[in-house]
Amino acid sequence: MTVNNQLPTSKNDRVEEVFDLFIKHMQGFFDEAQLNHEEYTNFVNWADRLGKSGELPLYADVFLETHVLQAMYTELPGTQPSLLGPYYVPNAPFVEPDENGVVELPQREDEEGELFYFSGTVKNVDGEILKNAEVDFWQNDSSAKYSNFDSDAPDFNLRGRFVTDEEGKFTVKTFLPLPYSIPDQGPTGEFLGYMDQHPMRPAHLHIMFKSEGHETLITQVFFEGDEWMETDVAQGVRDELITDPADKGDYKESHLEFVLRKEN
């Protein structure tokens, strides 16, 4: 017999407050939805499969997080956050810029894709330049897969961290990402079937910004003309995060400004 020696968790007033609100609104939801007990049981069984499959973070990222972010930030100044996504890996390698200030993400010698230079300027809501802000950058490859997960690429391929320069700017040499399907063979895909919804996300870059005295900004960058832009399964697209890369012949390039909020 296994003996659990863990001490009870101490009382947390915030947990109690949030749970009471949850129950209050769930009661209203059940009154409106008029669920019967069979439907409730089916939901519990599906949620059990979701948890056992390890897809709970995926489901939350795709179907819940965007609504949480919009409720928290839509009315606030600064760049709108978007989804962290299930493919983030902490502690990506730090990459130093070359003599021209360009950061080249770790990649295979024969990395395929359309060459792309993405640059940004990082400021705060008061218009102050944020030099030496940490930028954590990751994306998928030409197979539409992410390293460290379902790709055959080396760990941390097309992932890297670096800092902004004295003018709050950065430039990344990389490849245009591709649209991709979220995993759809498990309980999350089952849910998509119930909703008659496709599993596709538009192409995007993931970027996380950190600067002392400011809230961490987790966001994504999207591309004009992507066929999945308006029907993103995760509803993560924000108009201010859409860029239209300019064709420079051998490569494409685009630029966006990112505005961080100060910590309260």
Side-chain angles (χ1 to χ4, degrees), residues 79 81-82 84-85 87-124 127-149 151-180 202-214 216-224 226 240-260:
T79 297
S82 190
L84 176 66
Y87 299 120
Y88 172 66
V89 178
N91 301 318
F94 266 100
V95 185
E96 294 293 336
D98 64 18
E99 63 275 9
N100 297 313
V102 177
V103 171
E104 184 169 350
L105 293 182
Q107 59 191 252
R108 293 164 286 195
E109 290 185 4
D110 57 349
E111 197 73 48
E112 297 181 354
E114 189 170 4
L115 189 60
F116 178 52
Y117 288 83
F118 179 74
S119 61
T121 302
V122 185
K123 301 179 180 180
N124 65 20
E128 299 166 334
I129 293 296
L130 297 181
K131 62 181 181 180
N132 296 319
E134 181 181 310
V135 184
D136 197 336
F137 194 105
W138 68 103
Q139 66 173 89
N140 65 15
D141 60 20
S142 62
S143 67
K145 297 180 178 181
Y146 287 84
S147 62
N148 299 69
F149 287 90
S151 170
D152 59 3
D155 286 352
F156 296 107
N157 196 63
L158 299 182
R159 299 176 183 270
R161 290 181 293 163
F162 45 90
V163 297
T164 57
D165 65 17
E166 293 296 311
E167 298 179 341
K169 297 180 179 180
F170 66 89
T171 300
V172 180
K173 179 183 179 183
T174 183
F175 300 90
L176 283 172
L178 296 178
Y180 67 92
H204 55 273
L205 305 171
H206 293 267
I207 315 180
M208 181 188 301
F209 298 94
K210 296 180 180 180
S211 181
E212 185 175 357
H214 297 80
T216 296
L217 171 63
I218 300 169
T219 196
Q220 297 179 9
V221 173
F222 301 88
F223 301 93
E224 190 70 51
D226 191 298
E240 67 188 270
L241 298 172
I242 299 173
T243 184
D244 189 5
D247 191 342
K248 298 296 183 178
D250 294 337
Y251 63 93
K252 290 185 176 179
E253 67 177 15
S254 61
H255 178 92
L256 282 179
E257 181 175 282
F258 300 91
V259 181
L260 274 59

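This chain uses plain numbering: 1 for the first residue, then up along the sequence. In this text the structure is predicted, and so the values were computed from the model without any measurement.
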**Message:** Run the side chain to side chain donor-acceptor pair (under 3.5 Å) test on S151 and D141 for me, step by step, so that the C-alpha distance in whole Å, both residues' side-chain angles and the decisive distance to 0.1 Å come before the verdict.
**Reply:** CA-CA 8 Å; S151 170; D141 60 20; 3.2 Å; yes
**Message:** Can you classify the ring geometry of Y87 versus Y180 as parallel (below 30°), tilted (30 to 60°) or perpendicular (above 60°)?
**Reply:** perpendicular
**Prompt:** Tell me, do E114 and D247 make a side-chain contact under 4.5 Å, heavy atoms counted?
**Reply:** no
**Item:** Partner set under side-chain hydrogen bond (donor to acceptor under 3.5 Å, both in side chains) for E253, not counting sequence neighbours
**Value:** none
**Request:** State, with a plain yes or no, whether a side-chain heavy atom of I129 is found less than 4.5 Å away from one of T121.
**Result:** yes
**Straight-line distance of I207 CD1 to T79 OG1, nearest 0.5 Å** = 10.0 Å
**Request:** Taking the side chain as every heavy atom from C-beta outward, state whether Y146 and H206 have any pair of such atoms under 4.5 Å apart.
**Result:** yes
**Item:** Heavy-atom side-chain proximity of W138 to L105 below 4.5 angstrom
**Value:** no
Residues 166-178 side chain polar contacts: donor-acceptor under 3.5 Å, at least two apart:
unit_1 : atom_1 : unit_2 : atom_2 : d
E166   : OE1    : K131   : NZ     : 3.3
T174   : OG1    : Q139   : OE1    : 2.6

**Fill in**
In short, I242 meets E224 closest at the heavy-atom pair CG2-OE1, 3.6 Å
**Request:** Under the side chain to side chain donor-acceptor pair (under 3.5 Å) rule, what do N157 and E111 come out as? Steps first, then yes or no, please.
**Result:** CA-CA 10 Å; N157 196 63; E111 197 73 48; 3.0 Å; yes
**Plane angle bin for Y251 and Y117 - parallel if under 30°, tilted between 30 and 60°, otherwise perpendicular** = perpendicular
**Prompt:** Are side-chain heavy atoms of F222 and T243 found at a separation under 4.5 Å?
**Reply:** no
**Asked** Is there a donor-acceptor contact under 3.5 Å from the side chain of R161 to the main chain of A92?
**Response** yes
**Prompt:** Are side-chain heavy atoms of M208 and L84 found at a separation under 4.5 Å?
**Reply:** yes
**Where A144 and P179 come nearest, the two heavy atoms and their spacing** = CB-O, 3.6 Å
**Asked** Do D250 and L115 come within less than 4.5 Å of each other through their side chains, counting heavy atoms only?
**Response** no
**Asked** Do F258 and T164 come close enough that some side-chain heavy atom pair is under 4.5 Å?
**Response** no
**Which residues share a salt bridge (charged side-chain N to carboxylate O under 4.0 Å, His left out) with D244, sequence neighbours left out** = none
